[in-house]
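What follows is one structure encoded as structure tokens, with my remarks underneath.
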Amino acid sequence: MSNLWRHSATTIANLVRLKQVSATEVAKDALARLDAVNPSINAVVDFRPDEVIAQAEATDAAIAAGKPMGPLAGVPVTIKINIDQAGFATSNGLKSKANLIASENNPVVDGFLRAGATLLGRTNTPAFSCRYFTDNQLFGPTKNPRDPALGPGGSSGGAAAATVSGIGCIGHGNDIGGSVRYPAYACGIHGLRPGLGRVPTCNESGPDRTIGFQIMSVQGPLARTVNDVRLGFHAMAGRDMRDPWCFEAPVAAGYNPKLAAMCLRPEGIEIAPEVEAAMVDSAERLRDAGWTVIELDQIPPLKEASMIMHVLWVADAPEQKIAEAVAEGDPGAMAAMRGAVAKVGPVDLARYSDTLTRRANLVREWLAFLERFPVLLLPVSSKLPLAADADLTEGYEFIYDNQHFMAGLPAIGVPSMTVSTGMAGTSPVGVQIVATRMREDLCLAAGEAIEAGGVPAMPIDPILA
């Protein structure tokens with residue numbers, strides 16, 4: 001069977017379990033697709049074909065022996081270079097970490113393996129995973145397959161670019177300020193940021209182990225269908241003692257009231273006309289699926305939550321962050337670190353304590369709101385996906401002002417999801433779905449209702465410059 005790379009994870013797993021195709025055939029097809037398109041987009045920066053085939057052959061042997069298989073049997077997935085995968089460098093896009101070889105797997109990697117997935121390769125990220133654009137001094141830039149003039153998003157830009165191009169069915173990402181949701185938006189696929197504690201985030205040898213990273217970063221899946229996002233989330237979720245924030249919870253909570261709120265311009269945030277059109281269209285899609293959608297003028301504070309995220313991110317040794325970026329010699333990292341530190345200003349112990357207290361109060365306010373409105377529709381960004389390196393050409397303040405929808409929600413810790421809904425010229429458009437704590441299932445249910453109204457073509461052959 002040819003062109004297996006075009007199929008969803010759901011279809012691939014069913015074909016493999018039914019023995020209509022072997023996991024080895026799937027792996028060889030995936031590697032051929034990688035060879036065909038990756039040179040033009042630079043999304044996968046480390047892969048070992050022999051090991052990929054060996055994994056697939058082990059899956060086929062287990063099926064032949066009648067062993068029960070996981071929900072991702074034979075499905076090719078990619079892993080981001082900022083988490084541990086035994087035998088590979090956890091470089092995080094840094095020359096200084098190019099030889100930081102992991103001795104064991106991150107729990108998420110083990111989760112994919114338990115689910116039966118084949119680990120296809122490792123995807124690119126900006127240096128320090130600190131930008132909405134994917135480029136570094138170690139591997140170079142990743143291109144957006146839909147339009148090389150646009151950035152692919154960051155920091156999971158390699159995962160998003162690979163997935164939309166048919167390199168793997170599911171891409172692993174992580175999100176401290178939008179690093180799953182924004183690349184999904186920029187590349188025109190779907191991406192879930194689970195709620196805090198739903199997926200283990202520990203990274204023993206990873207470069208970033210700051211307090212801000214630990215209390216806001218979450219790992220999540222990117223995929224071309226919402227159901228594949230669900231499968232990826234199920235594989236990744238689960239308690240692991242190495243992550244003190246991770247807890248046991250039902251993967252699906254069940255009851256769906258089909259009630260959503262929509263807020264186009266909270267706190268007067270201006271949005272592009274195409275962004276507004278995608279929001280209105282998505283609300284209509286939900287209504288067509290039997291949902292009640294209420295339009296609101298205001299929601300709990302979002303800009304303040306965005307500042308809280310930035311304070312907690314940069315408060316850990318800001319001078320050291322800047323020094324490390326300078327030592328790496330990465331222009332994007334230096335601009336991001338300096339811009340964030342300048343925007344936040346000095347953070348002493350009193351301000352840090354006050355920030356944590358205010359964060360707790362905001363979380364309570366948001367959770368009370370989400371009790372009334374179990375689902376909230378928001379823009380993903382104030383603007384359409386940005387041009388490559390727009391942070392360097394437009395400045396940090398420009399990025400900060402247009403990404404409150406990305407940066408505010410991690411401080412609250414609730415699940416949120418990007419759903420791609422169409423195209424505006426060569427630019428993808430989509431919406432963000434927010435739900436209350438432990439209700440990723442509501443994000444997915446609303447996402448499927450919106451997805452049913454149409455999505456951009458995917459997978460695609462990359463458009464070359």
Side-chain angles (χ1 to χ4, degrees), residues 4-17 23 26-27 29-31 33-34 38 43-44 47 52 55-56 59 69-81 83 85 105-125 145 152-153 156-175 179-181 183-184 187-194 198-199 218-238 251 417-420 440 443-444 447-448 451 455 458-460:
L4 291 166
W5 58 269
R6 291 187 176 278
H7 292 304
S8 67
T10 306
T11 297
I12 290 293
N14 285 334
L15 290 172
V16 170
R17 280 194 295 267
V26 174
D29 187 81
L31 288 168
R33 179 62 178 174
L34 191 158
N38 193 61
V44 175
F47 69 104
V52 173
Q55 291 177 61
T59 297
M69 299 307 301
L72 294 178
V75 172
V77 304
T78 58
I79 305 296
K80 193 174 173 182
I81 57 172
I83 73 163
Q85 182 179 348
N105 289 332
N106 182 283
V108 163
V109 175
D110 284 332
F112 278 124
L113 291 173
R114 283 193 300 271
T118 299
L119 305 184
L120 181 59
R122 291 173 64 79
T123 54
N124 206 17
T125 184
S156 305
T163 304
V164 76
S165 301
I167 304 174
C169 298
I170 297 172
H172 155 265
N174 33 48
D175 187 317
S179 288
V180 165
R181 293 163 291 148
C187 290
I189 56 174
H190 315 307
L192 173 69
R193 175 195 157 91
R198 298 290 270 132
V199 175
V218 174
Q219 305 196 64
L222 302 94
R224 299 186 297 267
T225 73
V226 173
N227 193 55
D228 283 2
V229 171
R230 178 183 286 109
L231 290 178
F233 169 57
H234 288 189
M236 299 168 78
V251 172
M417 179 179 179
T418 290
V419 176
S420 189
E440 288 82 2
C443 288
L444 294 162
E448 284 179 322
E451 177 187 44
V455 297
M458 58 178 111
I460 62 167

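Sequence positions, counted from 1, serve as the residue numbers for this chain.
Of all non-hydrogen atoms in Gly74 and Val26, the two that sit nearest each other are O-CG1, 3.4 Å. Counting all heavy atoms, side chain and backbone alike, Ala117 lies closest to Leu113 at O-CD2, 4.0 Å. Closest of all the heavy-atom pairs between Ala223 and Asp228 is CB-CB, 3.6 Å.
For Arg33, the salt bridge (charged side-chain N to carboxylate O under 4.0 Å, His left out) partners are Asp461, not counting sequence neighbours. Residues that satisfy the side-chain contact (heavy atoms from CB on, under 4.5 Å) test with Ala160, not counting sequence neighbours, are Pro183, Cys187, Ile189, Leu222. For the side-chain contact (heavy atoms from CB on, under 4.5 Å) test, residues two or more places apart in sequence or in another chain that qualify with Asp29 are Leu4, Trp5. For Asp175, the salt bridge (charged side-chain N to carboxylate O under 4.0 Å, His left out) partners two or more places apart in sequence, or in a different chain, are Arg181, Arg193. Remark: Gln55 engages no residue in a side chain to side chain donor-acceptor pair (under 3.5 Å) (not counting sequence neighbours). Qualifying side-chain contact (heavy atoms from CB on, under 4.5 Å) partners for Ala43, counting only residues two or more places apart in sequence or in other chains: Asn38, Ile41, Thr142, Ala161, Ala162. For Asn227, the side chain to side chain donor-acceptor pair (under 3.5 Å) partners two or more places apart in sequence, or in a different chain, are Thr10, Arg230. Remark: Ala30 engages Pro76, Leu120 in a side-chain contact (heavy atoms from CB on, under 4.5 Å) (not counting sequence neighbours). Residues passing the side chain to side chain donor-acceptor pair (under 3.5 Å) test with Thr125 are Ser129, sequence neighbours excluded.
Put simply, the side chain of Val16 reaches to within 4.5 Å of the side chain of Ile12, judged on heavy atoms. Looking at Pro459 and Val164, their side chains never come closer than 4.5 Å, going by heavy atoms from C-beta outward. Looking at Ile83 and Asn174, their side chains come closer than 4.5 Å, going by heavy atoms from C-beta outward. No side-chain heavy atom of His234 sits less than 4.5 Å from a side-chain heavy atom of Pro71. Contact check for His172 versus Val108: side-chain heavy atoms found under the 4.5 Å cut-off. Counting heavy atoms from C-beta outward, Val44 and Phe47 have side chains that approach closer than 4.5 Å. Proximity of Ile170 to Thr163: side-chain heavy atoms (C-beta onward) are nowhere separated by under 4.5 Å.
Under the 3.5 Å distance criterion, the side-chain polar atoms of Arg224 are matched with a main-chain donor or acceptor of His7.
The distance from the CD atom of Gln219 to the CG atom of Leu192 is 12.5 Å, given to the nearest 0.5 Å. Here the CG atom belonging to Asn106 is positioned 10.5 Å from the CZ atom belonging to Phe112, to the nearest 0.5 angstrom. Atoms OG1 and CZ, on Thr59 and Arg17 in that order, are 11.5 Å from each other to the nearest 0.5 Å.
Pairs of residues two or more places apart, or lying in two chains, that qualify as side-chain hydrogen bond (donor to acceptor under 3.5 Å, both in side chains) and include a residue from residues 110-122 are Gln85-Arg122, Asn105-Asp110.
If you check the side chains of Lys80 and Ser156, you find a donor sitting under 3.5 Å from an acceptor.
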